[in-house]
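As the structure is a computational prediction, the values presented were derived from the model and not from experiment. A, B, ... follow the sequence lines: proteins, then strands. Residue 1 opens every chain. Reckoned from all heavy atoms, side chains included, excluding hydrogens, waters and symmetry mates.
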Protein chains: 2
Amino acid sequence: MAERQPHTKTPATDRELQAARERFVSLWGQMGSSWGIPRTMAEVHALLFIVGRPMNTDELMAGLGISRGNASMTLRSLTEWGIVSRTRQRGDRKEYFEAEQDVWKLFRTILRERKKREVDPLLEALHSCRDAVRPKEGRKIGPEAGEAEEMVARIDQMLEFMHMIEAISRRFIGPDGEGLETAARLLGRAS
Amino acid sequence: MAERQPHTKTPATDRELQAARERFVSLWGQMGSSWGIPRTMAEVHALLFIVGRPMNTDELMAGLGISRGNASMTLRSLTEWGIVSRTRQRGDRKEYFEAEQDVWKLFRTILRERKKREVDPLLEALHSCRDAVRPKEGRKIGPEAGEAEEMVARIDQMLEFMHMIEAISRRFIGPDGEGLETAARLLGRAS
DNA sequence: GCCTGTTTTCAGAAAATTCTGAATATTCAG
DNA sequence: CTGAATATTCAGAATTTTCTGAAAACAGGC
C-alpha cells in the first residue's frame with residue numbers, strides 16, 4: 001500500500017481501458033485457439049469487436065504486434081467468414097475493417113459457416129462410408145454379414161443424430177432461418 | 001477389369017469392412033482435429049466406437065500405428081473426458097477400453113466437458129474483465145467515461161449471450177439435465 | 001505511360017502441438 | 001518378497017500449424 005495514487009474516482013483510466021482491451025483480446029484468442037481457430041484470427045476479431053469502430057491494417061498490426069502478411073491473410077479469412085467487413089474511410093486510401101457487433105448474429109454466422117465447411121462434408125463422407133459396407137442385396141450370406149450389419153448400425157446411429165442436428169440448424173442457423181434467438185426462446189421455455 | 005472375382009453377393013468382404021473402418025477413423029480424426037481435439041485422440045475414440053467392443057492397448061497401437069506412450073496418454077484423456085471406459089477381460093492381465101456407444105450421450109458428454117473446461121473459465125474471466133472497467137461509482141467523470149461505457153456494454157452483450165447459453169446447457173447438457181434429446185424434441189416442434 | 005501508396009502472396013522461418021521410446025513405476029501371481 | 005507383465009511418464013524428436021517479410025501485384029492520380 002502507498003504508491004497507487006488515490007486521486008479521483010474516474011470510471012476507468014485510459015490505462016485501465018487499454019489493459020482490459022488487451023485482456024479481452026487475449027481471452028478471445030485463447031478461446032478461439034482451443035476451438036480450432038488460429039489464435040491471431042480470433043485476436044484480430046476480438047480487437048475489432050471490442051474497439052467497436054473500423055480499424056486499418058496498420059492499426060491492427062501495431063495493436064497486436066503481427067506482420068503485414070499475417071494481418072492481410074487473417075483479415076481475408078475473417079471477411080470470408082462474414083464476421084468482419086471492409087469499409088472505407090473518406091479521405092483515406094487505406095482499407096478499414098469492422099467487426100459485426102451483434103453477438104447473436106456473430107455466433108449464428110460462425111455456426112453456419114463451420115457447419116458448411118466441416119459438418120456437411122463429413123456427413124456426405126459418412127454416407128458413402130456407410131454405403132460401402134451396407135449389403136447391396138437384402139440378403140446376408142458371408143460370415144462378415146453380422147459384423148458388417150453392426151457397423152452399419154453404428155454409423156447409422158451417428159448419421160441419424162447428425163441429421164437431426166442438421167434439420168435443427170437449417171431452421172435456426174440457416175441464412176433464412178428463424179435465428180438463434182428463437183431457438184433460445186424455445187429452449188428457455190417451461191417445457 | 002478382371003482380377004476382382006465376382007464370386008458371391010456377400011454383403012461386404014472383410015477387406016471392405018476393414019477399409020470402411022479405416023475411412024471412418026480417419027474422418028473422425030479429421031473432424032476432431034478441426035475442432036481442436038488432437039487427431040490421435042479422436043482416432044482412438046473412433047476406432048473404439050466403430051469396433052464396438054473393448055480393445056487393449058496393443059490392438060489400438062497396431063490398429064492406428066501409434067506408440068505405446070501416445071496410446072497411454074490418449075486413453076487417459078478419453079477416460080477423463082468420460083467417453084471411454086476401462087474394462088477388464090477375464091483371464092487377461094491387460095486393460096481393455098471401450099467407447100460409449102450411445103451417440104446422444106456421447107455428444108452430451110463432450111459438450112458438457114468442453115463447457116466446463118473452456119467456457120466456464122472464460123465466463124469468469126470476462127466478468128472480471130468487465131468489472132475492471134465498469135465505473136465504480138454511479139458517476140461518470142473522466143474523458144474516457146464514454147468509451148469505457150461502450151466497452152462495458154459490448155462485454156455485457158457478450159456475457160448476456162453466454163449466460164443464456166449457460167442456462168440452456170445447464171438444463172439440457174448438465175449431468176442431471178433433461179438430455180439433448182429433449183432439447184432436440186423441443187426445437188423440432190412446430191413453433 | 002510512370003510513380004506512389006497500399007494490398008496480396010507465398011516460400012521458408014518460427015512456434016506450437018503432438019508423438020515417441022526408453023526409463024520408471026505399478027500390479028499381481030507365486 | 002521376487003520377477004514378469006503391463007502401464008505411465010516425460011524429455012526431446014517429429015510434425016503440423018502459423019507467421020514473417022520481401023517480392024509481386026494492384027489502384028489511382030498525373
Query raised in the report: Given the rule in the salt bridge (charged side-chain N to carboxylate O under 4.0 Å, His left out) test, do E98(B) and R53(B) qualify, once you have shown the distances and angles that lead to the verdict?
Result: CA-CA 6 Å; E98(B) 74 184 316; R53(B) 60 172 171 79; over 6 Å; no

Query raised in the report: Please, which pairs that meet salt bridge (Lys or Arg N to Asp or Glu O under 4.0 Å) have at least one residue in residues 33-48 of chain B, sequence neighbours excluded?
Result: none

Query - For R88(A), all residues meeting side-chain hydrogen bond (donor to acceptor under 3.5 Å, both in side chains), sequence neighbours excluded - result: none

Query raised in the report: Does Q101(A) CD have over 12 foreign heavy atoms under 6.0 Å away?
Result: yes

Query raised in the report: For the side chain of E95(B), counting heavy atoms from C-beta on, which of dT9(C), dT8(C), dA7(D) is nearest?
Result: dA7(D)

Query raised in the report: Where along residues 63-70 of chain A does a heavy atom fall under 4.0 Å from DNA chain D?
Result: G65(A), I66(A), S67(A), G69(A), N70(A)

Query raised in the report: Mapping M41(A) and S72(B) to their closest nucleotides on DNA chain D, which lands nearer the 5' end?
Result: S72(B)

Query - Rounded interatomic separation in angstrom, taking CZ from R86(B) and P from dT6(D) - result: 15 Å

Requested in this report: Determine whether more than 12 heavy atoms belonging to other residues, nucleotides or ligands lie under 6.0 Å from atom NZ of K115(A).
Outcome: yes

Requested in this report: Kindly state which residues belonging to residues 31-40 of chain A come within less than 4.0 angstrom of DNA chain D, counting heavy atoms of the residue only, listed by number.
Outcome: P38(A), T40(A)

**Report entry** Gap between atoms CG and P, on N56(B) and dA7(D) respectively (whole Å)
**Finding:** 7 Å

Query raised in the report: So F161(A) and W104(B), would you call those rings parallel, tilted or perpendicular, with 30° and 60° as cut-offs?
Result: perpendicular

Query raised in the report: Would you call the rings of F24(A) and F49(A) parallel, tilted or perpendicular if under 30° counts as parallel and over 60° as perpendicular?
Result: parallel

Query - Gap between atoms CZ and P, on F97(B) and dA7(D) respectively (whole Å) - result: 7 Å

Query - Non-neighbouring partners of D176(B) that pass side-chain hydrogen bond (donor to acceptor under 3.5 Å, both in side chains), sequence neighbours left out - result: none

Query raised in the report: Yes or no on side chain to side chain contact (heavy atoms under 4.5 Å, CB included) for R114(B) and W35(A), after CA distance, side-chain angles and deciding distance?
Result: CA-CA 10 Å; R114(B) 293 205 80 157; W35(A) 285 81; 3.6 Å; yes

Report summary line: L78(B) atom CG is separated from dT18(C) atom P, nearest whole Å, by 13 Å

Query raised in the report: Should the heavy atoms of other residues, nucleotides or ligands under 6.0 Å from CD of Q30(A) be counted, would the total exceed 12?
Result: no

**Report entry** Between dA22(C) (P) and M73(B) (CE): distance, integer Å
**Finding:** 16 Å

Query raised in the report: Any ion pair linking E147(A) and R21(B) (charged N to carboxylate O, less than 4.0 Å)?
Result: yes

Report task. Please report, rounded to the nearest Å, how far the P atom of dA5(D) is from the NZ atom of K94(B). Result -> 10 Å

Query - Whole-Å gap separating C1' (dA16(C)) and CD (Q30(A)) - result: 14 Å

Atom pairs, N/O to N/O, protein against nucleotides 26-30 of chain C, distance under 3.5 Å?
| residue | atom | partner | partner atom | Å |
| --- | --- | --- | --- | --- |
| dT27(C) | O2 | R93(B) | NH2 | 2.8 |

Query raised in the report: In whole angstrom, what separates R76(A)'s CZ from dC26(D)'s C1'?
Result: 14 Å

